[in-house]
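These notes are about the structure you will find just below.
Small disclaimer: the values here were computed from a predicted structure and weren't measured. In the text below, chain A, chain B and the rest are named by the order of the sequence lines, each starting its count at 1.
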Amino acid sequence: MKIYNTQTASKETFTPLVPGRVGMYVCGVTVYDVCHIGHARSAVVFDVIRRYMQSRGFEVKFVKNFTDIDDKIISRARKENISWDEVARKYTEKYYEDMHKLGVRDADVEPRATGHIKEIIEIVKGLVDKGRAYVVDGDVYFSVENFSGYGKLSGRKLDDMMAGARVEVDERKKNPMDFALWKSSKPGEPAWDSPWGPGRPGWHIECSAMSLKHLGETFDIHAGGADLIFPHHENELAQSESYTGKQFVRYWIHNGFITVDKEKMSKSLGNFFTIEEVLGKFDPETVRLFLLQTHYRSPIEFSNEPIEEAERSLERFYQTIERVDEFLAKPEQAGAEKESGLKESVSSFRVKFGEAMDDDFNTALAIGHVFELVKEINRFLDSKPPRNAANAELAEDAKKAIAESALVLNAFNRTPEEWTRAMLKTKKIEATEPEIEQLIEEREKARDSKDWARADAIRAQLEKSGILLEDKKDGEKKTVWRVKV
RNA sequence: GGCGGCGUACCCAAGUGGUAAGGGAGAGGUCUGCAAAACCUCGAUGCAGCGGUUCAAAUCCGCUCGCCGCCUCCA
């Protein structure tokens with residue numbers, strides 16, 4: 001398995017610290033507002049990576065934190081006129097709601113910054129004792145000049161950064177790049193007691209404390225959005241390695257952004273679409289597929305069209321599964337074996353899917369392979385194979401191969417009926433299933449008496465309300481319906 | 001200013017040295033009462049442009065053009 005490591009800027013073969021086990025820390029969200037589709041991407045991508053690791057037999061300890069104390073939370077609380085911890089609770093809940101809909105599994109450990117104040121103070125104290133940090137008026141700053149490795153994650157030099165620093169220089173800092181480990185609180189702000197007076201943790205220190213506690217001094221994977229590389233992850237690395245004297249993280253993984261008109265989607269630009277908005281128009285599986293159809297490090301330009309394409313892809317997929325199910329439901333038939341490439345396609349699919357995922361989690365390629373297999377299955381069924389034991393086994397195996405990959409992608413894993421019902425809901429179809437069935441029956445009668453005008457009128461009527469009809473030649477059902485996507 | 005990334009057919013998109021996956025749209029065909037779906041066929045002699053390295057380059061190197069990201073909170 002190869003992983004692109006941000007720190008070395010190259011793909012590396014993945015070897016866990018402890019054979020068979022993987023420690024993985026993902027930077028979650030600051031719970032001060034609802035999540036947008038960019039947050040969804042990050043969550044979905046790392047969810048898939050976790051699932052893939054597990055499918056490869058690794059025992060994964062997956063930690064994802066919530067930042068529940070921060071300037072933005074405090075200002076949000078003022079704006080909403082509620083307490084800061086109510087803000088955190090409210091948006092943590094909303095986060096779970098969105099992520100559960102998207103099929104993102106909860107982490108094994110979901111620590112919160114405020115639950116680790118003791119550990120944070122411990123580390124800050126240690127850094128001060130080691131001379132890696134200094135105290136100024138109740139604030140504690142990390143001294144970047146004392147850590148020779150500063151910049152090694154993001155690939156920048158201290159001198160180059162200082163040249164371009166646009167930040168207002170705090171005269172009390174020894175170096176403009178020094179950052180707060182502990183911030184003294186103003187009256188009325190949330191505060192915890194510390195050796196430096198009442199205050200709260202700086203942004204970066206929580207992740208150092210929580211990863212140390214739950215994954216140890218050195219762990220395998222640390223992941224997050226590419227915008228966290230600097231300064232967040234760079235600073236985490238500096239703190240942690242200064243404190244433990246050991247390597248902090250072995251593989252850094254960062255996902256690319258979602259863009260709107262080529263620009264990064266972000267709260268500050270206001271060009272974002274919330275998860276709730278997107279899920280109001282599209283099925284969660286559709287959204288998941290859309291997010292995974294691009295490699296996780298590449299940008300995704302957000303627009304409806306590619307999501308609609310993902311929807312059509314799933315429609316095609318579930319129609320194929322339906323065909324397989326119909327084939328399997330047929331009574332046993334005798335018949336000579338026909339030449340079929342399907343058997344080979346299924347086994348090569350299993351290999352290629354694994355290869356794609358092994359190569360830096362190339363879900364886009366892996367999904368491409370799924371659709372190659374879908375085509376092969378359709379081709380097989382089009383060849384009208386006899387429903388004998390051998391062919392049934394082959395069809396079952398094809399379904400099984402897809403189900404195996406579905407475990408990793410957490411897509412392609414519903415039944416055609418579930419998909420259709422989901423589409424009725426997503427497309428807000430007014431007609432009920434019995435109504436549709438009744439019109440189909442009426443149309444059947446018209447067709448039997450060769451009243452084509454009547455038959456076509458009914459078909460047109462249903463299409464207007466979003467239902468497409470397909471007349472089948474064989475099988476029990478003469479006409480099937482589906483939702484127009 | 002520093003550092004980094006991207007530019008592949010009408011659209012989305014994979015592909016880091018061996019002769020361009022996959023999907024959508026389009027054209028023709030098989031099937032159909034007609035459709036739809038599915039399948040078949042067609043579709044970039046070329047991967048922003050120019051030069052170079054190599055038996056071989058979308059893939060490596062150099063330059064140019066265009067777009068974006070990080071350096072400030074940010075998935």
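- Side-chain proximity of A:Arg482 to B:A75, B:A36, B:G23: nearest is B:A36.
- Few gaps surround CD on A:Glu418; more than 12 heavy atoms of other groups in view lie less than 6.0 Å from it.
- Remark: the separation of the C1' atoms in B:C10 and B:G26 is 9 Å, to the nearest Å.
- Across all strands shown, A:Leu469 has heavy atoms under 4.0 Å from base atoms, whether or not it also approaches the sugar-phosphate.
- Residue-level contact check: A:Asn362 touches the backbone only, with heavy atoms under 4.0 Å from sugar-phosphate atoms and none from bases.
- A:Glu470 comes within 4.0 angstrom of a nucleotide base, judged by non-hydrogen atoms across all strands.
- Nucleic acid contact class of A:Glu309 (heavy atoms, under 4.0 Å, all strands): base.
- Both tests hold for A:Lys264 against A:Phe257: distance to the six-membered ring centre under 6.0 Å, angle to the ring axis within 45°.
- Between the base of B:A38 and the side chain of A:Arg323 there is no donor-acceptor pair shorter than 3.5 Å.
- Heavy atoms of A:Arg443 sit under 4.0 angstrom from at least one base atom.
- When heavy atoms are screened at a 4.0 angstrom cut-off, A:Lys264 is found touching base atoms of the nucleic acid.
- At a cut-off of 3.5 angstrom, the base of B:C34 holds at least one donor-acceptor pair with the side chain of A:Asp471.
- At the heavy-atom level, A:Arg41 lies nowhere under 4.0 Å from the strands shown.
- Contacts of A:Asp456 with the nucleic acid, taken as non-hydrogen atoms under 4.0 Å apart, include base atoms.
- Using a 4.0 Å heavy-atom cutoff across all strands shown, A:Ile258 reaches at least one base atom of the nucleic acid.
- The side chain of A:Pro306 sits closest to B:C12 out of B:A21, B:U72, B:C12.
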